Amino acid sequence: MTNVPELFGSMVFNDQKMKERLPHATYKALKKTIQNGEPLDISVATAVANAMKDWAVEMGCTHYTHWFQPMTGVTAEKHDSFIAPDGDQVIMEFSGKELIKGEPDASSFPSGGIRATFEARGYTTWDPTSPAFIRDRTLYIPTAFCSYTGEVLDKKTPLLRSMERLSNVAVKVLHLLGKNEVTRVTTTVGPEQEYFLIDKKMYDERPDLIYTGRTLFGAPAPKGQELEDHYFGSIKTRVAAFMNDLDEELWKLGVLAKTKHNEVAPSQHELAPIFSTSNIATDHNELTMEVMKKTAEKHGLVCLLHEKPFAGVNGSGKHNNWSIGTNTGENLLDPGKNPEDNLQFQLFLAAVVKAVHEYQDLLRITVASAGNDHRLGANEAPPAIISMYLGDDLGALVEAIIDGREYKSAGKSDMLTGVDVLPDFKKDTSDRNRTSPFAFTGNKFEFRALGSSLNIGCPNYMLNTMVAEELSEFYDELKDASDMDAAVKALVRRVFTEHKNIIFNGDNYSAEWVEEAARRGLCNYRSLPEAMAHYIDKKNVDLFVKNGIVSEAEIHARYEIELEHYVKQLHIEALTMIDMAQKNIAPAVSSFVGKLTETALAKKSLSESISVYAETSLVEELSDELEKFVRKTADLERAVDGAKKYDGDNLAQATYYRDVVFAEMGKLRELGDAMERKTSAQYWPYPSYGEILFGV
């Protein structure tokens, strides 16, 4: 039987191991860096490196790697051994300099034009706030990544900067409110991770899944998710074995994996962790996705993290539960029993409301991807329109503040079950709104629009930065106030009045909301090219530059990288579709039509005339569809070729791929799926949706 307390963190160089293995003075200095953001001395790094190496070697490690998060959407690592020559022998060495700095080749990672191919040097640098861990006999050291000339090339550095910036301004605001004991404010995140599990044999027969992560052809199965019987249903034996192994592997790595269950679509599941600081939560989520894939392989399964691997059933997202807390243990987004009297909560709530309203475009941009374009606005995800849900109680409080009325929170009421043997319990003050992109859920906000494969560092550094900007403005307005309570009340009332349009507690899926949102002046960017066009708007550039998160050049680089990545994804999808159509689908349907024709011609008796008629009719239908399918394949080829005229203009090319290439792909798929429904499974070249989704 697994002893979870002993297992948890056994592969992590965590606080307990540092305390045991480091000199007391070194341990205290490192803790000050981790907890308070103080600079790290090289002597401390040297002592940590020696202790870290000794522990890793005792655990069977022979190599170490600087583990970082470049602008590729996945993590990166280069492995170096601990060995060093000692005469005819070798010894195991690891210095403070090796811990602090690594030097991967930076020329092959996306840089958005910051680095040319011949400018190869780049650096990784140790992030002491995220603990090192062991995987596959290798010591993994979480790091940041930058170019030789200092430009940020990763997704971690902006997050760390945003956390420091938010902490600094939030502490200043709290001191104005009399909370002088607070010295640090931290953002926390609990990212719920959705994913699909399918049989490896099925996966290996689908080039579209292999190359793109989603099915480019596929007719719906007779049964999908209509009965909602998979959601929270009994977990199948094979999946349960995978989940048990996954839990154990994650617990070894210190990941707080807490909840697991079946999701709505067949073969879809979810894992949810306990909250961690934003930095560690980001590292752990990247680690979770990697461990999911490797654990699935051991069970003859494949873990799919694409946002929409199967048309017609729910896609996969990642719910980003975000909150703010102090080093004294106070949650700044906790309304308390009487939110109407809690000015501190109202002030921080106002900062979030103002931030989301003013930078709604950035929140949409940070969740934009080729995969998420398929998912947003469907029945499993919020729409592309960003709005906030506060619930009945807080919504009424905000309206009362705007109107200058007194308000008394109803508080939690008793939930009476009506059954004597069942215990009564307290009902929350507000329902949950699953259609809202950004919903208040008690003492946190749930940003529901993230795609399942997204690095959560991006939305969280944007959230942190925009809220920090508003708190900075609040501080400047309040710092000279003679009556702080009156000044806070006036500020909160003005902010809620000016930014109430972002608050919507209704059905975000309704057509009426689309019209209402337009009247309110809210953005509705339906695709990545539409959204990304606003990334480099002056107000957004100013936000990041003013707060010291990324430079203007780095913002433009990220803009180019995202557009180029989008183009490449759709290009690969289109080429894969053409390949499948020409090499397998068209020949398969042609063979089936030939067989039907041959069978019909061989029948002579009157009793077979009806069968002949049916076969002839099917031959005619399939022949007509096959002819159109071949033409549409050629149309798609021409559309892909037409993108070349936009070389050098990533936004124009991304827009072309979305408007022209993607549209042609949809037409080709419609014909292909229609032919699949009529073609014998014996002839169809790929596993069907039914086989894939119900094959585990």
Side-chain angles (χ1 to χ4, degrees), residues 320 322 333 335 339-340 345-368 376-377 381-405 407 430-441 444-449 459 462-463 465-474 477 488-526 530-531 533-535 537-540 542-543:
N320 192 85
W322 177 88
L333 294 180
E340 64 273 17
F345 166 73
Q346 292 176 25
L347 186 63
F348 278 85
L349 177 64
V352 179
V353 169
K354 187 171 184 285
V356 173
H357 191 207
E358 291 187 339
Y359 299 103
Q360 55 183 286
D361 54 343
L362 281 179
L363 287 182
R364 173 65 183 95
I365 288 164
T366 199
V367 300
L376 290 179
I385 303 167
I386 299 296
S387 66
M388 298 179 70
Y389 169 81
L390 296 183
D392 298 334
D393 193 40
L394 281 186
L397 172 60
V398 168
E399 288 296 328
I401 290 172
I402 292 171
D403 296 340
R405 294 182 285 104
Y407 179 77
S430 295
D431 201 350
R432 293 182 66 190
N433 189 333
R434 293 186 64 193
T435 71
S436 176
F438 201 83
F440 187 77
T441 55
K444 64 186 185 299
F445 279 97
E446 184 181 26
F447 189 16
R448 295 180 58 88
M462 292 198 183
L463 263 174
T465 305
M466 61 182 70
V467 172
E469 172 66 14
E470 308 305 350
L471 289 174
S472 178
E473 291 183 7
F474 288 4
E477 180 173 338
V488 169
K489 287 179 181 178
L491 186 154
V492 167
R493 184 181 184 186
R494 189 188 76 245
V495 168
F496 285 154
T497 301
E498 293 175 355
H499 300 282
K500 63 181 179 180
N501 279 355
I502 197 68
I503 301 170
F504 179 64
N505 289 344
D507 182 1
N508 287 254
Y509 290 162
S510 68
E512 291 79 11
W513 169 234
V514 176
E515 297 173 3
E516 171 65 19
R519 284 194 293 271
R520 294 187 184 196
L522 303 185
C523 305
N524 186 8
Y525 303 136
R526 294 178 177 84
E530 286 180 74
H534 298 278
Y535 187 34
D537 287 354
K538 186 178 185 302
K539 75 174 181 67
N540 296 334
D542 289 346
L543 172 72

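Keep in mind it's a predicted model, so treat the numbers as computed, not measured. Hydrogens, waters and symmetry mates play no part in the numbers below; they use all other heavy atoms, side chains included.
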Examine distances only and state if a side-chain atom of [X] and a backbone atom of [Y] form a donor-acceptor pair shorter than 3.5 Å.
X    : Y    : result
N540 : H534 : yes
R364 : Y525 : yes
K539 : E358 : yes
Y359 : K354 : no
R448 : R434 : yes
Q346 : E340 : yes
Q360 : L522 : no

So which heavy atom on [X] is nearest to which on [Y], and how close?
X    : Y    : value
F496 : I401 : CE1-CD1, 3.9 Å
A400 : Y407 : CB-CB, 3.6 Å
M388 : V353 : SD-CA, 3.6 Å
T366 : L363 : CG2-O, 3.1 Å
L394 : P339 : CD2-CB, 4.2 Å
A351 : E470 : O-CG, 3.6 Å

Ring geometry between F440 and F445 (parallel below 30°, tilted from 30 to 60°, perpendicular above 60°):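 The rings of F445 and F440 stand perpendicular, inter-plane angle above 60°.
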Would L390 and L349 count as a side chain to side chain contact (heavy atoms under 4.5 Å, CB included) here? Give the steps. CA-CA 10 Å; L390 296 183; L349 177 64; 4.1 Å; yes
Looking at L376, N524, N508, which hits side-chain contact (heavy atoms from CB on, under 4.5 Å) with P383?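 The option that passes is N508.
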Nearest 0.5 Å, what's the CG-CG distance between L397 and D392?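 Between L397 CG and D392 CG, I get 12.5 Å after rounding to 0.5 Å.
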Does R520 CZ have over 12 foreign heavy atoms under 6.0 Å away?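 Counting other residues, nucleotides and ligands, CZ of R520 exceeds 12 neighbours.
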